[in-house]
Peer 1: 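Take this structure first; my questions come after.
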Amino acid sequence: NSKIIACSIHSPVGMYRSGTGEGWVYKDSFSPFKAAIEYLSSNNETVFVNWTGAQIDIPSQEGVKTKLWHEYKCVPVFLPEETAKPFYNGF
């Protein structure tokens, strides 16, 4: 078996604030990119490295990082809004 490290702007999981604004809700995302990686990873260990797609406040980052790793094998990249907005909106 091999290891696949997928580095992309596309995340295998979507995140948004809960209705109360306290905490995060996680939802599997579905995209052609994710489907392709899942196909390739059927016999391989896969790790995703990507931006979370959301602005995560600093006190929440450790909990988010732990949950994403243990449940999704995802290593989040936390970007400040001034970095993420022009980059992401440019694609």
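All of these numbers come straight from a predicted model, not from anything done at the bench. All residue numbers refer to positions in the sequence shown, counting from 1.
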Peer 1: Can you measure from CG (Asn50) to CG (Leu79) and round to the nearest 0.5 angstrom?
Peer 2: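 Going from CG on Asn50 over to CG on Leu79, the span is 10.0 Å.
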Peer 1: Would Tyr39 end up clustered with Ile4 when hydrophobic side chains under 4.5 Å apart are linked, directly or stepwise?
Peer 2: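 As far as the 4.5 Å side-chain criterion goes, Ile4 and Tyr39 are connected within one cluster.
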Peer 1: Assess whether atom NZ of Lys34 is packed by more than 12 heavy atoms of other residues, nucleotides or ligands within 6.0 Å.
Peer 2: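 Atom NZ in Lys34 is crowded, with more than 12 foreign heavy atoms closer than 6.0 Å.
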Peer 1: How about Val64 and Met15: do any of their side-chain heavy atoms sit closer than 4.5 Å?
Peer 2: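 Val64 vs Met15: side chains touch.
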Peer 1: Would you give the length of the straight line joining atom NZ of Lys67 to atom OH of Tyr26, rounded to the nearest 0.5 angstrom?
Peer 2: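 Here the rounded value is 6.0 Å.
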Peer 1: Can you see which heavy atom on Ile56 is nearest to which on Ser60, and at what distance?
Peer 2: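 Nearest heavy atoms, Ile56 then Ser60: CG2-CB, 3.9 Å.
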Peer 1: To the closest 0.5 Å, what do you measure between CG (Asn44) and NZ (Lys3)?
Peer 2: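 Answer for the CG-NZ pair, Asn44 versus Lys3, is 11.5 Å.
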Peer 1: Nearest heavy-atom pair of Lys65 and Pro76: which atoms, and what distance?
Peer 2: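 Between these two residues, the closest heavy atoms are CA-CG, 3.8 Å.
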Peer 1: Do you know the tightest heavy-atom contact between Gln55 and Glu81?
Peer 2: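 What the structure gives for the nearest pair is OE1-N, 3.0 Å.
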Peer 1: Assigning hydrophobic clusters by single linkage (Ile, Leu, Val, Met, Phe, Trp, Tyr; side-chain heavy-atom cutoff under 4.5 Å), is Val47 placed with Val77?
Peer 2: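 They do share one cluster, since a chain of ILVMFWY contacts under 4.5 Å joins Val47 to Val77.
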Peer 1: Which heavy atom of Lys27 sits nearest to which heavy atom of Tyr72, and what is that distance?
Peer 2: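 Smallest interatomic distance, heavy atoms only, reads N-OH, 4.5 Å.
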Peer 1: Write down the atom of Val25, the atom of Ser18, and the distance for their closest heavy-atom approach.
Peer 2: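 Between these two residues, the closest heavy atoms are CG2-CA, 3.7 Å.
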Peer 1: Identify whether NZ of Lys or CZ of Arg in Lys73 sits under 6.0 Å from the centre of the six-membered ring of Trp69 and within 45° of that ring's axis.
Peer 2: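 That pair qualifies as a cation-pi contact.
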Peer 1: How many angstroms lie between CH2 in Trp24 and OG1 in Thr52, if you round to the nearest 0.5 Å?
Peer 2: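 Output value for this atom pair is 7.0 Å.
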Peer 1: Could you pull out the closest heavy-atom pair between Ser11 and Trp51, with the gap in Å?
Peer 2: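 Closest approach of Ser11 to Trp51: CB-O, 4.0 Å.
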